[in-house]
Every structure is written in C-alpha cells, then in structure tokens.
Amino acid sequence: MERLGIKEEGRKKEKRKLPPLPHAKKGEVVTRFPPEPNGYLHIGHAKAAFVDYEYARMYDGIFILRFDDTNPANERKEFYDAQKEDLKWLGIEWDKEYRTSDNLPKHYELAKKLLEEGNAYICTCSEEEIRRNRREMRECIHRNESELEWNDFIKMKEGEAVMRLKGDMKSNNTAMRDPVLFRIIEHPHPIHGKRFRVWPTYDFYGAVEDSLSGVTHPFRSKEYELRDEVYFYLLDLLGLRKPHLMEFSRLEIKGMPVSKRKIKPLIDEGKVMGWDDPRLPTLRGLRRRGIVPEAIKEFVLSQGISKAEAVVAFENLEAINRKILDGKARRYFFVPQPVKVIVRGLEEKEVELKYHPSVDMGKRKVKVGNVIYIPKSDAEKLQVGEIFRLKDLCNVMVEKIGNEIMGEFAGDELIDGIDKVQWVGEEHVEMEVLIPRLPFKNGEFDEKSLEIVRGYAEKNVEEIKHGEIVQFERFGFVRIERNEGIKGIMAHR
RNA sequence: GCUCCCGUAGUGUAGCCCGGCCAAUCAUUUCGGCCUCUCGAGCCGAAGACCCGGGUUCAAAUCCCGGCGGGAGCACCA
C-alpha cells in the first residue's frame, strides 16, 4: 500500500504542466471547447478539450462547453449527447453548456448593425463569381451598390444571396477578402427545426460567441491562423471585447489518421468495424482498445500548445497507458495457439495464483492435471532433455516432441535462468483476442492491421466483467468484451 | 503561384517573448546492469538535439537578415 503511494507520487511529479497562459489572472480565465455536433470525438478533440479544461482549472476559471451547431445540414441530434458522453468519460467537467444556435437572434441583431453601418453587404454573386473575384482581388458591384437589406436577405432562397463582410479585397490575407458571414440553409436543424433559415459562418459566430460568452482565452488549431485578422476586425466593428486568441498545432499520429475526413471512408468501405474500431483514434475506439482516460490526458497534454507540426508515435500513448494499467490490471493466463503437453507425474490439484505480483489483489484458483497447454511460440523453442518452468507451478523435463509434447514433472523449486511459461490445464476457456495495429502503412490502409489470435484462457476469465482491462501475462494488456461470448482486445504489450 | 505559420536527440516536448545560470529539460525509444516465478512494471546507468549561412553583441537555441525544409489557407465546412 505504502509502496504504491510512493509510486503514485513519483509519477505525479513527472507530469508536465502546461506553460503559463499570457494575460491570465487567477479567477479570471474563461475557456471554451466548441465541438460541432456532427460526429464522434477523437483524440484531436481530446487535446483541445483538455487544454481548455486544464487552463480553466489551473487558474480557477470557468470552462464552457459550446456546441457550434450552425450548419443544420451537418449536425445530428445524437451527437450532442454522444460528445458529452465522451467528454465525461475523459473526466472532463464543464461549468456551463450552451448551443451557438440558441443565440441566433442576437447574431441577427449584430448582423443588421453591421449592414446598417455599411460594414457588410448582401451579395448575390454566385459562388464561382465570389471565388474568382477573390482570386483577382476585385470588388463586386454589390459591395458598394447593393440596396438589399437584412429584411430582403432573409426572404431570399438558399444560394441566392449571402451576407459578406466589407473587408479588403486587396488584402494579402485571402481570409480578409470579404468573407461570407451569413448564408441561407433551408435544411431543418436538429434542435430548432425550421425556426431559422439564415445561419452564421464560422468567421462570424466564432468571434462573436467567444466575445459575448466572456471567453478570455480561446484556443483553436493552427489552420485557422489566417482567420485571426477577420476575427479581430469583426469584433472591432461590432465594438465587442477581444479575447486572447491562441493557436496550437493539430495532433497527428503516425500511421493513424485522426481526422474525420480520413476515417469516414474506412467505415463506409467496411475496412474497419465502425467508429469504435480499436484501430482508430476516436475516443470510442481508444476506449474499446483499453486506453484509459488518464493516459489520453497525459498524452495530449505532453504535446503542449506548440505551433510546430508534430507527428507523434502511438507507442508514446501505449507507454503511458501501460504504466497506468500495470498497477491496476489483474493478471491471468492466456495461451495463444496452444500446444498440448502431457506431464507425467504431475498430479491433479488446485493451485492458487496471485492476481497481481506486487499489489495485493487476492488470489485465484486454477485446476491442473497432467494435461497442460502452452503457447506454440514457446513450444517451438523446446529441445528434448531440456527443463522449462510452468510459471508459478513446477518444472518440466521435455521427453518427446511431436504434435504433442511429452514431459516429466521435474520438481517444484524454482531453477535460476530457465524460461517461465504461462499455461492452462484441461479446464479452460477458448477465446480470441483481437490485436489492433496501426491502420495505415506507407500511407495506405493495411488490410492486416487487425490480427485475430485464438487460444485458451484459464477458466477464471469468466469472472471478468465487460470492459475490464486485465493483463494476460507474457502476452499483453487486454480489454475484455462480453457480448455473446467472451473476447479480448489487446491494448498493447 | 500567392500569403501566413513552423523548424531543439529516432519521436514528442521544455527553454526562445525578457540574450549569459543551456557543455540545453522531461518523457518515449534503443542499449547495458539490478530486481522480479510475466516477454509487464520498478530501480540504476549510457546513447542521442539547438535546419544552414551571415550579422548584432563581451556573450545567441534565444535578437536581426538571407537561404533551405515542412505545414496550412486561398469554401455560402468548421
């Protein structure tokens, strides 16, 4: 117990802290995590969420969960809750929660103001025209001569007109070339139905919401950097408070695409089982694989808020997870690709084995007789005349090697320097363990990224609850799933 | 192509804003050794880095200029 306590403390010390926030005062920091409810959260979201959450905690501030649901065609009702579940699983708690879509009336008010003050205009150019004019840095006729007002705009049809900011068509920053602020979308909204037809774009609601909700330190990922200028310009025009906007690089994992854009095709083409496939960096996938929330937290925070693009190895996460799991996971014997061994002289009996080598978790009982199974990989190494050890049981002298191995009991005492092998007896459970690997190899989907290993596990695995993570000794950490039968998913060695 | 951002060991990261205490932090990785009835964990040790070239300065990873390399944006998507 005390030993554990010391270990625990040792690890805590190593935990890195986020660097101090500029312009931050204790008690006055407000952060926000703004997912769009259009899919399941992945580890990239976890990074953003943890950074926001941790900074709020670090400064005794407030952390807001905000659903950026302003594109009714994309959002789906089920994801509001799914995302909240995933955040809760991560151990993230929020002080406030709201939907951006609930604030549309306020957005409309500000839009009208922008229009009336001549800082925005209703543009009826086609999308292609807008694009071309942007490229050619040319103002369109509507910018200065449009007579259309807000009330005209809201009566128009989808695609007929948009509201644009009067930025600077000559700006080097393409984001400033009169970005679209509002557009019309007829598609019903999962929450509001047909109540609204005019929807703000990211440039508008992002800046406005951050400011109005009191966020002091909004974080976004680096690809938005060019939009900073729009963000502050807009707030200036609206006379709204300007937060300390910050950016960090996106999380990238070697061989494991994080973005929805790359994951979705794998699911659509049936290459993976779904959004919770253990090969995927979705929170649901990681969870199924046996990666614990604390590990995800430590991992993503170790990336920090640097703007340098980084490609991290998944093994970093594995290493963190392994260390956390090691002190908590019960041990069992699992024999992959079992080979039968007849041990002459081994009496039928019941032995007690510890659930954990150093932490007291009690003991389990295992029946043995003279029929034993050991892993093929170990069996292949055996030579006639050699003595090997059945771990926690006894020594066996190899007499004959064939389809089965014949051996003889060779004493109970531990002999130094011989191989110790995990085993099961006649009483065992057949099961399979899924071994997920990196889904991508050399930029292409690896068809062999999910290996299935069949084997025998000691009967006690039947007591393991669904979702529990255990260690199969000398094999790896495995999360147990119990649906029709019992199945294991290997997290890592 | 244009614009912006980034460049510290194999990998990630601290330090850079406010130059000296940096012969550079921590983690991972690899390799030794110890411990352990797991190929896990733990303990000890070792290996390994400031993209290049100029400049400023008594002094540069840190400031300035140029080059090279990588990334992002150029959507009525976020």
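Residue numbers start from 1 in every chain, and the chains themselves are labelled A, B, ... in the order their sequence lines are given, proteins ahead of strands. As a basis for the values below, the full set of heavy atoms in this structure was taken, side chains included, without hydrogen atoms, waters or symmetry mates.
You'll find a donor-acceptor pair under 3.5 Å spanning the side chain of Glu309(A) and the base of G70(B), going by distance alone. One can find a donor-acceptor pair under 3.5 Å joining the base of C39(B) and the side-chain atoms of Asp378(A). Residue Arg493(A) places no side-chain atom within donor-acceptor reach of the base of C39(B), judged by atom type and a 3.5 Å distance cut-off alone. Below the 3.5 angstrom threshold, one finds a donor paired with an acceptor across the side chain of Tyr224(A) and the base of A78(B). Judged by atom type and distance alone, Gln471(A) reaches the base of U38(B) through a side-chain donor-acceptor pair under 3.5 Å.
When the P atom of A78(B) is taken as reference, atom CD of Glu223(A) falls 13 Å away, rounded to whole Å. For the pair Asp392(A) CG and U38(B) P, the interatomic distance rounds to 8 Å; values are reported in whole Å. Regarding Leu301(A), its CG atom lies at a distance of 13 Å from the P atom of U13(B), rounded to whole Å. Atom CG in Asp203(A) sits about 10 Å away from atom P in C74(B), given to the nearest Å. Rounded to whole Å, atom P of A27(B) lies 18 Å from atom CG of Asn321(A). Following rounding to the nearest Å, Glu229(A) (CD) and C74(B) (C1') show an atom-to-atom distance of 14 Å. The distance between atom CG of Asn133(A) and atom C1' of A75(B), rounded to the nearest whole Å, is 15 Å. Look at NZ on Lys307(A): it is 11 Å from C1' on A72(B), rounded to the nearest Å.
Look at Arg220(A) and you won't find any side-chain N or O under 4.0 angstrom from OP1 or OP2 of A78(B). A close approach under 4.0 Å does occur between a side-chain nitrogen or oxygen of Ser306(A) and OP1 or OP2 of U13(B). Between A78(B) and Arg183(A), a contact under 4.0 Å exists linking OP1 or OP2 to a side-chain N or O. Within the 4.0 Å cut-off from OP1 or OP2 of A75(B), not a single side-chain nitrogen or oxygen of Arg177(A) is found. Within the structure, every side-chain polar atom (N or O) of Arg250(A) is placed at least 4.0 Å from both OP1 and OP2 of A72(B).
In this structure U62(B) sits in no base pair that meets the Watson-Crick or G-U test at under 3.5 Å. With both pairing distances under 3.5 Å, A9(B) is matched to nothing as a Watson-Crick or G-U wobble pair. The nucleotide U36(B) finds no pairing partner, because no Watson-Crick or G-U wobble arrangement with both distances shorter than 3.5 Å includes it.
Counting any heavy atom pair closer than 4.0 Å across all strands shown, Gly476(A) reaches no nucleic acid atom. Note on Asn71(A): only backbone sugar-phosphate atoms sit closer than 4.0 angstrom, heavy atoms only; bases stay farther off. Val180(A) comes within 4.0 angstrom of the backbone, heavy atoms only, and of no base. At the heavy-atom level, Tyr205(A) lies under 4.0 Å from the strands shown only through sugar-phosphate atoms. Residue Cys125(A) is in base contact, counting any heavy-atom pair closer than 4.0 Å across all strands shown. Residue Arg227(A) is classed as a base contact, given a heavy-atom separation below 4.0 Å to a base. Within the 4.0 angstrom heavy-atom criterion, only backbone atoms of the sugar-phosphate kind lie near Arg322(A); the bases stay farther away. Counting non-hydrogen atoms under 4.0 angstrom, Lys222(A) reaches a base of the nucleic acid. Contacts of Asp228(A) with the nucleic acid, taken as non-hydrogen atoms under 4.0 Å apart, are absent. Using a 4.0 Å heavy-atom distance criterion, Glu36(A) is classed as a sugar-phosphate-only contact. Residue contacts for Ser249(A): at a heavy-atom cut-off of 4.0 Å it reaches no nucleic acid atom on any strand shown. At the heavy-atom level, Val421(A) lies nowhere under 4.0 Å from the strands shown.
At least one donor-acceptor pair under 3.5 Å links the side chain of Asn321(A) to the backbone N or O of Val292(A). Using a distance-only test at 3.5 Å, with no hydrogens or angles considered, no donor-acceptor pair links the side chain of Thr70(A) to the main chain of Trp199(A). Within the 3.5 Å criterion, the main-chain N or O of Glu223(A) finds no donor-acceptor partner in the side chain of Arg250(A). Judged by distance alone, with hydrogens and angles left aside, the side-chain atoms of Thr124(A) form no donor-acceptor pair with the main-chain N or O of Glu160(A) at under 3.5 Å.
For Asp326(A), taking side-chain heavy atoms from C-beta onward, the closest of the listed nucleotides G40(B), G15(B), G12(B) is G40(B). Here the side chain of Thr201(A) is nearest to one of C39(B), C77(B), U3(B), namely C77(B). Taking the side chain of Asn316(A) as heavy atoms from C-beta on, and the options U38(B), U11(B), A72(B), the nearest nucleotide is U11(B). Distance from the side chain of Glu473(A) is smallest for U38(B) among the nucleotides U3(B), G12(B), U38(B). Considering only side-chain atoms of Ala310(A), the nucleotide from G12(B), U29(B), U38(B) that sits closest is G12(B). Taking only side-chain atoms of Asn172(A), from C-beta outward, the nucleotide of U38(B), U3(B), C76(B) with the closest atom is U3(B).
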Subject >> Working for side chain to side chain donor-acceptor pair (under 3.5 Å), residues His192(A) and Ser101(A) >> reply: CA-CA 8 Å; His192(A) 302 284; Ser101(A) 61; 2.8 Å; yes
**OP:** Check step by step if ring-ring contact (aromatic ring centres under 6.0 Å, His included) holds for Phe333(A) and Phe472(A).
**Re:** CA-CA 5 Å; Phe333(A) 283 167; Phe472(A) 284 165; 9.7 Å; no
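A59(B) and U13(B) have their C1' atoms separated by 27 Å, with the value rounded to a whole Å. Between the C1' atoms of C16(B) and C34(B), the separation comes to 40 Å (whole Å). Atom name C1', nucleotides G33(B) and A72(B): the rounded distance is 47 Å, in whole Å. Straight-line distance between the C1' atoms of U62(B) and A24(B): roughly 12 Å, to the nearest whole Å. Taking the P atom of each, G19(B) and A60(B) are spaced 13 Å apart, rounded to whole Å. Taking atom C1' on both nucleotides, G20(B) is separated from A61(B) by 13 Å, rounded to a whole Å. Here, U8(B) and A49(B) have their C1' atoms 6 Å apart, quoted to the whole Å. Taking atom C1' in both G48(B) and U11(B), the straight-line distance is 12 Å, to the nearest Å.
Note: Phe204(A) and His107(A) have perpendicular aromatic rings, judged against thresholds of 30 and 60 degrees for the angle between ring planes.
Residues Ile130(A) and Ile320(A) both approach RNA chain B. Their nearest nucleotides, taken by heavy-atom distance, put Ile320(A) toward the 5′ side. Heavy-atom distances to RNA chain B give each of Glu225(A) and Lys391(A) a nearest nucleotide, and the one nearer the 5′ end belongs to Glu225(A).
Of the residues listed (Arg331(A), Lys391(A), Lys420(A)), the one engaging Glu473(A) in a side chain to side chain donor-acceptor pair (under 3.5 Å) is Lys391(A), and it is the only one.
Side-chain rings of Tyr373(A) and His428(A) approach one another, their centers coming within less than 6.0 Å.
Salt-bridge check for Glu347(A) with Lys349(A): failed, with every basic side-chain N at 4.0 Å or more from each acidic carboxylate O.
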